[in-house]
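Worksheet: the structure to be examined is printed underneath.
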Amino acid sequence: MLDQNDNLPQADGQSPNESIHEKIDSNVNEVFSQIENSPEEENEEEIVQNDIPVKNYETMSLEDLVSELDHLITEYPVNSIKNHVEEIRKSFTNQFTQFLDEKREEYSNENTGDSEGFEYHSPIKNKFDALVNKYRERKNAHYNKLQNQLKENLRTRENLLNELKEVIDTETSQTLIKKVNDIRERWKTAGAIPKDKYNHVWNNFHFHIERFYEHLNMDREMRDLEYKNNLEQKLKIIEKAKELLSEKDILKSLRELQTLHKIWKEEIGPVSKEKREEVWSEFSEITKVLHDKREQYFVEIKNKELVNLSKRKAIVANIISITTEPITKHGDWQTQIQRIEVLRDAFINAGRVPNEHNDAIWADFKDAIRKFNANKNSFYKDIKKEQQENLNKKIALVNKAKEYMNSVDFQNTTPLMKKIQEDWKKIGHVPRKYSDAIWADFRNACNHYFDNLTKHNSELNAAENDIFEKKKQYLEQIKTFKLVGDHKEDLAEIKKHIENWKQLGKLSLNKRHVEIKFNKILDGLFDQLSLSKKDTELEKFNAKIDQITLNKDSRALTNELIFVQRKIEELQNEIFQLENNIQFITNAKNDNPLIKEINKNIDKHKDELEIWKEKQANLRKIEF
């Protein structure tokens, strides 16, 4: 008869909703429970042993989660990825819910706080749902196929039971062992059967095996041979179990131990009574050592998860603290948003927490983020009106820039365009959805104008360089000019030189030093003419204002007008002061030397005043 210690553990059972962590824990618990309590039931589903990497799905992006789900469905049997799929589903749901909340808040912010009518069509969510449906279809097809296989296995086992009964009843001891062993080999590979039939079928099998050993007791030699063979196989099992003690991967060692227990119970018969307790005790001791290692492993895992839970709670508390800080500036809000993003990443990367706390801590995290976003959105709703006003101001500047972008009046338009650019810099933020487009319009209009200006200046520079060279050459020519002594002829020649100089063209400010040299030469020539002081001064001055007129230099004209006006005022003050001084000289006759000197100065200043007033009149006639 089979000893209780020879019973084997039942196959692994999996609940559709248990996590990967729960699955491992459940499997290992089941092994030791089965070893100690000798259950009599076998799960309908076959055990699928493969080491699919368990990744930290919480740190993956939505796109990476979809990619990983697609990979699992494509590369692995459907009944081996159930818990991986569930973990991916949880992570995707948490992240997508948070993402959707943010989109809803953005929609609400853009619609004055109203989120009614919000819709968001996500291609990544559609792809994820399609993959989940694909997995469910394959899983359903797998279980339908499995049920049919279970029924077929039941028929096979029932046939083997009938065959075993007939062999035991009809065969002699010499042939019995061989035929029973053949049936037992086929029984091992017959596969799982429906749960509700398991006890009945397995008890019948054990009943007939016990009858078989009763037959062997009649033939001690054959019985001892069978016991010896079983002992050898069980000792091999024990040696393999000892090797598992040095295995670093505790979960792998537990899975292999489960297989060894299955072989011990299902594939190997009993040993002699005097060895039975000994071999079972040795096998049990190894099992208990592995059990202790397993307990220590999960204690460490639990402690790490509790540390991770504390980290996540601290992160949530930090988010709540940041949310309560009073913020009134856009820049400060941007800083807070960056801080929250860092905390969000830290929360996701903090590692697994105890499963019973997972949903709660995620709910706290999402609630804290939601409150922060609510405060942020409230702030930006308040500045939305200001941003709209800024947008209107920038649109006006864009229109103005476009109005001037094709202008060729560069002298007057360039200051206007520069002022438009300065005004743009002073305007604050606009709604983000318009920012890029309006900046592109403004930049294109400004670039168009200043590209044209650069092209124009390049052309002017080439022409101006030519004028500059010609004027340099003319300077050398006029240096050799000599007056002939005829006042009228000499004056005509000087004016001719002035006209020739004007005809050469105007120069920019940085090249006008040649104009100064030319004016100095003219001054020297005018000084050689037999003209009155007044005529000489006026000729020199007119030559100067000819240059101002030629260059259309409004700044130089303004400066000259100011200078002339100042000279007029100075002379008027001098005349007034001299005339006033005469009033204080009493009892003096007109032929008094002092009086004569003062009157002479007054007449001199009046002559100069007349010249400067004429200069002023000539300046005022100039129009550009």
For this session: Please report the shortest heavy-atom distance between L306 and P354, naming the atom on each side.
Result: CD2-CG, 3.8 Å
Exercise. If we ignore angles and hydrogens, is there a donor and acceptor under 3.5 Å between the side chains of S61 and D64?
Worked result: yes
Problem set entry | Note, F298 side chain near R294 side chain (heavy atom, < 4.5 Å) | yes
Exercise. Parallel, tilted or perpendicular: which fits the ring planes of Y76 and H71, with parallel below 30° and perpendicular above 60°?
Worked result: perpendicular
Exercise. Under the 3.5 angstrom rule, does the side chain of T156 hit a backbone N or O of E152 as a donor-acceptor pair?
Worked result: yes
For this session: Measure the shortest side-chain to side-chain distance between V201 and F205 over non-hydrogen atoms and say whether it is less than 4.5 angstrom.
Result: no
Exercise. Between N181 and E226, is any pair of side-chain heavy atoms under 4.5 Å apart?
Worked result: yes
For this session: With Q336 as reference, evaluate Q334, R339, Q338 under the side chain to side chain donor-acceptor pair (under 3.5 Å) test and give the passing residue.
Result: R339
For this session: Working to the nearest 0.5 Å, report the span between CG of L65 and NZ of K55.
Result: 10.5 Å
Exercise. Are the aromatic ring centres of F347 and W362 under 6.0 angstrom apart?
Worked result: yes
For this session: Quick one: do L164 and F212 satisfy side chain to side chain contact (heavy atoms under 4.5 Å, CB included)? Show the steps, please.
Result: CA-CA 9 Å; L164 179 60; F212 162 68; 5.6 Å; no
For this session: Would you sort out whether L62 and F128 count as a side chain to side chain contact (heavy atoms under 4.5 Å, CB included), showing the intermediate values?
Result: CA-CA 9 Å; L62 295 177; F128 179 78; over 6 Å; no
Problem set entry | Check ion pair E185-K178 (N to O, under 4.0 angstrom) | no
Exercise. Would you say R276's side chain and V271's backbone share a donor-acceptor pair under 3.5 angstrom?
Worked result: yes
For this session: Classify the ring geometry between H261 and W280 as parallel (under 30°), tilted (30 to 60°) or perpendicular (over 60°).
Result: perpendicular
Problem set entry | salt_bridge(R89, E86) N-O dist < 4.0 Å | yes
For this session: Output the distance between atom CD1 (I319) and atom CD1 (I369), rounded to the nearest 0.5 Å.
Result: 4.0 Å
For this session: Identify whether the distance between the nearest side-chain nitrogen and carboxylate oxygen of E239 and K242 falls below 4.0 Å.
Result: yes
Problem set entry | Exam field: side chain S91 to backbone E87, donor-acceptor pair closer than 3.5 Å | no
Exercise. Which heavy atom in G191 sits nearest to a heavy atom in R157, and how many Å separate them?
Worked result: O-NH2, 2.7 Å
Exercise. Is a donor on one side and an acceptor on the other found under 3.5 Å between the side chain of N318 and the backbone of A314?
Worked result: no
Exercise. Would you say N153's side chain and A192's backbone share a donor-acceptor pair under 3.5 angstrom?
Worked result: yes
Exercise. Taking the side chain from N230 and the backbone from P270, do they hold a donor-acceptor pair closer than 3.5 Å?
Worked result: yes
Exercise. Measuring from L160:CG to E158:CD, what's the distance to the nearest 0.5 Å?
Worked result: 10.5 Å
Problem set entry | Minimal non-hydrogen separation, I124 against S122, with atom names | CG2-OG, 3.0 Å
For this session: Determine, step by step, whether L254 and K293 satisfy the side chain to side chain contact (heavy atoms under 4.5 Å, CB included) criterion, reporting the C-alpha distance in whole Å, the side-chain angles of both residues, the deciding distance to 0.1 Å, and the verdict.
Result: CA-CA 10 Å; L254 292 172; K293 291 179 69 174; over 6 Å; no
Exercise. If you measure only the distance, is there a donor-acceptor pair under 3.5 Å linking the side chains of Q258 and R255?
Worked result: no
Exercise. Hey, are D367 and K371 close enough for a salt bridge, meaning a charged N less than 4.0 Å from a carboxylate O?
Worked result: yes
Exercise. Do the side chain of T287 and the main chain of F283 share a donor and acceptor less than 3.5 angstrom apart?
Worked result: yes
Exercise. Please walk me through it: do F207 and W202 pass ring pair (Phe, Tyr, Trp, His ring centres under 6.0 Å)?
Worked result: CA-CA 9 Å; F207 171 75; W202 191 255; over 10 Å; no
Seminar exercise, completed: To the nearest 0.5 Å, atom CD1 of I340 lies from atom CG of D345 at 11.5 Å
Seminar exercise, completed: d(E137 CD, I73 CD1) to nearest 0.5 Å is 10.0 Å
Exercise. Between D129 and K125, is the closest basic N to carboxylate O distance under 4.0 Å?
Worked result: yes
For this session: Test K376 against N373 for side chain to side chain contact (heavy atoms under 4.5 Å, CB included), laying out the working first.
Result: CA-CA 5 Å; K376 176 194 69 177; N373 287 336; 3.6 Å; yes
Problem set entry | Heavy-atom side-chain proximity of L69 to Y135 below 4.5 angstrom | no
Problem set entry | Contact check, side chains of E282 and E278, non-hydrogen atoms, under 4.5 Å | no
Exercise. Hey, are H200 and N204 close enough side-chain-wise for a donor-acceptor pair under 3.5 Å?
Worked result: yes
Problem set entry | Nearest heavy-atom neighbours spanning R184 and I268 | NH2-C, 3.9 Å
For this session: For residues R186 and E163, determine if any side-chain heavy atom of one lies less than 4.5 Å from a side-chain heavy atom of the other.
Result: yes
Problem set entry | Flag, side chain of S378 to backbone of A374, donor-acceptor distance under 3.5 Å | no
Exercise. Do the ring planes of H84 and Y57 sit parallel (below 30°), tilted (30 to 60°) or perpendicular (above 60°)?
Worked result: perpendicular
Exercise. Is it true that E356 and K302 have a side-chain N and a carboxylate O under 4.0 angstrom from each other?
Worked result: yes
For this session: Could you tell me whether E166 atom CD has more than 12 heavy atoms of other residues or ligands within 6.0 Å of it?
Result: no
Exercise. Side chains of K139 and N79: closer than 4.5 Å at any heavy-atom pair?
Worked result: no
Problem set entry | Straight-line distance of I337 CD1 to I327 CD1, nearest 0.5 Å | 10.5 Å
For this session: Decide, yes or no, whether a salt bridge links R312 with E58 under the criterion of side-chain N to carboxylate O below 4.0 Å.
Result: yes
Exercise. Side chains of I320 and F372: does their closest heavy-atom pair fall under 4.5 Å?
Worked result: no
For this session: Without swapping roles, check the side chain of N140 against the backbone of R136 for a donor-acceptor pair under 3.5 Å.
Result: yes
Exercise. Side chain of K275, backbone of K228: donor and acceptor closer than 3.5 Å?
Worked result: no
For this session: Would you name the heavy atoms of E68 and I88 that are closest together and state the gap between them?
Result: CG-CD1, 3.8 Å
For this session: Specify the closest pair of heavy atoms between V279 and L231, including all atoms of both residues, with the distance to one decimal.
Result: CG1-CD1, 3.4 Å
